[in-house]
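If you read the sequence from its start, that first residue is 1, and numbering goes on from there.
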Amino acid sequence: MKKILLFFTLVSQFIFAQMPDVSNVWLNDSKPYAGTIGNDKQELKLKISTSEQDKKNDQEYFVSGYSLVDKNYTKFEGKLKITKYKDAKKRGSVYGEYELAEENKGKHSGIFKGRFIYTFKWNKATEKVEAQNIELTGDWKSYDQTLNFRTHLKNQ
């Protein structure tokens, strides 16, 4: 009887455990992510201005903001989805996928899609996250399917 009760207690804790809300991480301290787009490595900036955890699926985050290439400023909305988490005492890694859809404003708007990795160090003394690195690698494809470019972004 004790084993069954212990089993149900463990299962219920697992079922009701929730991923901590890390939506503020994606905001990157209000700084844009900087990187490149295309073979010519044209400068790309991506700023996430809102981020919130999905209440039904705590592994997903709804985000919105804007992208900037040259003078092409475009708003976007999308999501980040955590697919894997690795914890190694002082260092953690979070892996996932993202899809960000820009406003359809013609030939130079489309969808960013790819994978991300978020690495950080945990300072046990201060109980704070330090040395955060976020890297987004993927593709941007125009809505009319005529343009397709590799993208690579990092937090600053």
Side-chain angles (χ1 to χ4, degrees), residues 17-156:
Q18 184 173 1
M19 171 83 176
D21 185 353
V22 295
S23 54
N24 62 334
V25 167
W26 315 124
L27 297 174
N28 192 30
D29 293 326
S30 297
K31 298 175 191 166
Y33 294 83
T36 60
I37 185 168
N39 294 334
D40 297 336
K41 307 253 186 246
Q42 192 169 11
E43 184 181 21
L44 165 65
K45 289 191 178 185
L46 191 85
K47 173 115 170 40
I48 295 176
S49 51
T50 60
S51 171
E52 67 180 59
Q53 188 178 37
D54 185 341
K55 294 183 185 3
K56 293 181 182 175
N57 182 353
D58 62 6
Q59 304 290 313
E60 291 186 5
Y61 293 83
F62 297 112
V63 296
S64 66
Y66 66 87
S67 63
L68 181 65
V69 178
D70 269 344
K71 294 177 183 174
N72 190 18
Y73 170 91
T74 309
K75 292 180 183 179
F76 70 80
E77 290 182 346
K79 70 179 177 179
L80 300 165
K81 180 180 180 183
I82 295 173
T83 58
K84 186 175 170 183
Y85 173 72
K86 284 187 181 178
D87 186 18
K89 295 188 183 184
K90 293 184 181 182
R91 187 171 205 79
S93 299
V94 177
Y95 300 87
E97 302 167 344
Y98 65 91
E99 185 169 325
L100 310 172
E102 294 179 310
E103 278 183 321
N104 193 348
K105 292 172 68 177
K107 185 173 181 155
H108 295 283
S109 57
I111 297 177
F112 292 96
K113 196 173 191 178
R115 298 186 181 279
F116 69 83
I117 181 169
Y118 164 48
T119 56
F120 58 90
K121 289 182 183 176
W122 178 252
N123 184 327
K124 198 172 186 177
T126 63
E127 293 189 1
K128 292 191 178 186
V129 170
E130 297 176 345
Q132 297 184 76
N133 293 307
I134 304 170
E135 214 170 318
L136 297 100
T137 305
D139 295 299
W140 175 87
K141 189 178 277 191
S142 64
Y143 287 117
D144 66 5
Q145 306 290 313
T146 59
L147 301 171
N148 188 6
F149 299 118
R150 294 289 298 158
T151 61
H152 186 255
L153 293 151
K154 288 185 177 185
N155 66 325
Q156 299 178 342

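Exactly one of Lys75, Glu102, Glu103 qualifies for a side-chain hydrogen bond (donor to acceptor under 3.5 Å, both in side chains) with Ser67. That residue is Glu102.
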**OP:** Before giving the answer on side chain to side chain contact (heavy atoms under 4.5 Å, CB included), spell out for Phe112 and Leu44 the whole-Å C-alpha distance, their side-chain angles and the decisive distance to 0.1 Å.
**Re:** CA-CA 12 Å; Phe112 292 96; Leu44 165 65; 3.9 Å; yes
**OP:** Output, in order, the C-alpha distance, side-chain angles, deciding distance and verdict of side chain to side chain contact (heavy atoms under 4.5 Å, CB included) for Leu46 and Phe76.
**Re:** CA-CA 9 Å; Leu46 191 85; Phe76 70 80; 3.6 Å; yes
Original post:
Would Glu77 and Phe62 satisfy side chain to side chain contact (heavy atoms under 4.5 Å, CB included), going step by step from the backbone distance to the final call?
Top reply: CA-CA 8 Å; Glu77 290 182 346; Phe62 297 112; over 6 Å; no
**OP:** Applying side chain to side chain contact (heavy atoms under 4.5 Å, CB included), run through Lys113 and Glu97 and close with a yes or a no.
**Re:** CA-CA 8 Å; Lys113 196 173 191 178; Glu97 302 167 344; over 6 Å; no
Below 3.5 Å, can you tabulate the donor-acceptor pairs from side chains in residues 22-37 to any protein atom, sequence neighbours excluded?
{"from": "Ser23", "atom 1": "OG", "to": "Asp21", "atom 2": "OD1", "distance (Å)": "2.8"}
{"from": "Asn28", "atom 1": "ND2", "to": "Lys31", "atom 2": "O", "distance (Å)": "3.1"}
{"from": "Tyr33", "atom 1": "OH", "to": "Trp26", "atom 2": "O", "distance (Å)": "2.8"}

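For the atom pair NZ of Lys107 and CG of Leu147, the computed distance is 5.0 Å after rounding to the nearest 0.5 Å. With rounding to the nearest 0.5 angstrom, the CZ atom of Phe149 is 11.0 Å from the CG atom of Asp139. With rounding to the nearest 0.5 angstrom, the CD atom of Gln53 is 8.0 Å from the CD atom of Gln59. With rounding to the nearest 0.5 Å, the separation of OG1 in Thr119 from NZ in Lys86 is 12.0 Å. Taken from CD1 in Ile134 to NZ in Lys154, the straight-line distance is 12.5 Å, to the nearest 0.5 Å.
Here the closest non-hydrogen pair linking Asn133 and Asn155 is CA-OD1, 3.5 Å. Of all the heavy atoms in Thr74 and Lys105, the pair that sits closest is CG2-CD, 4.1 Å. Closest approach of Phe116 and Lys81 over heavy atoms only: CE2-O, 3.7 Å. Nearest heavy-atom pair, His108 versus Trp140, reported as atom, atom and distance to 0.1 Å: C-CZ2, 3.8 Å.
Heavy-atom neighbours of Arg115 CZ from other residues, nucleotides or ligands within 6.0 Å: at or below the threshold of 12. By the 6.0 Å contact criterion, CG on Asp87 is enclosed, its count of non-hydrogen atoms from other residues, nucleotides or ligands being greater than 12. Counted within 6.0 Å of CD on Gln156, heavy atoms from surrounding residues, nucleotides or ligands total more than 12; the atom is thus considered enclosed.
Lys141 has its side chain out of reach of Ile111: every pair of non-hydrogen atoms, C-beta onward, lies at least 4.5 Å apart.
Taking the centre of each ring, Tyr118 and Phe120 come in below the 6.0 Å mark.
Pairs passing the side-chain hydrogen bond (donor to acceptor under 3.5 Å, both in side chains) check and including a residue from residues 40-51, sequence neighbours excluded, read Gln42-Asp70, Thr50-Ser64.
Taking the ring-ring contact (aromatic ring centres under 6.0 Å, His included) definition, one finds that Tyr73 meets it with Tyr66, sequence neighbours left out.
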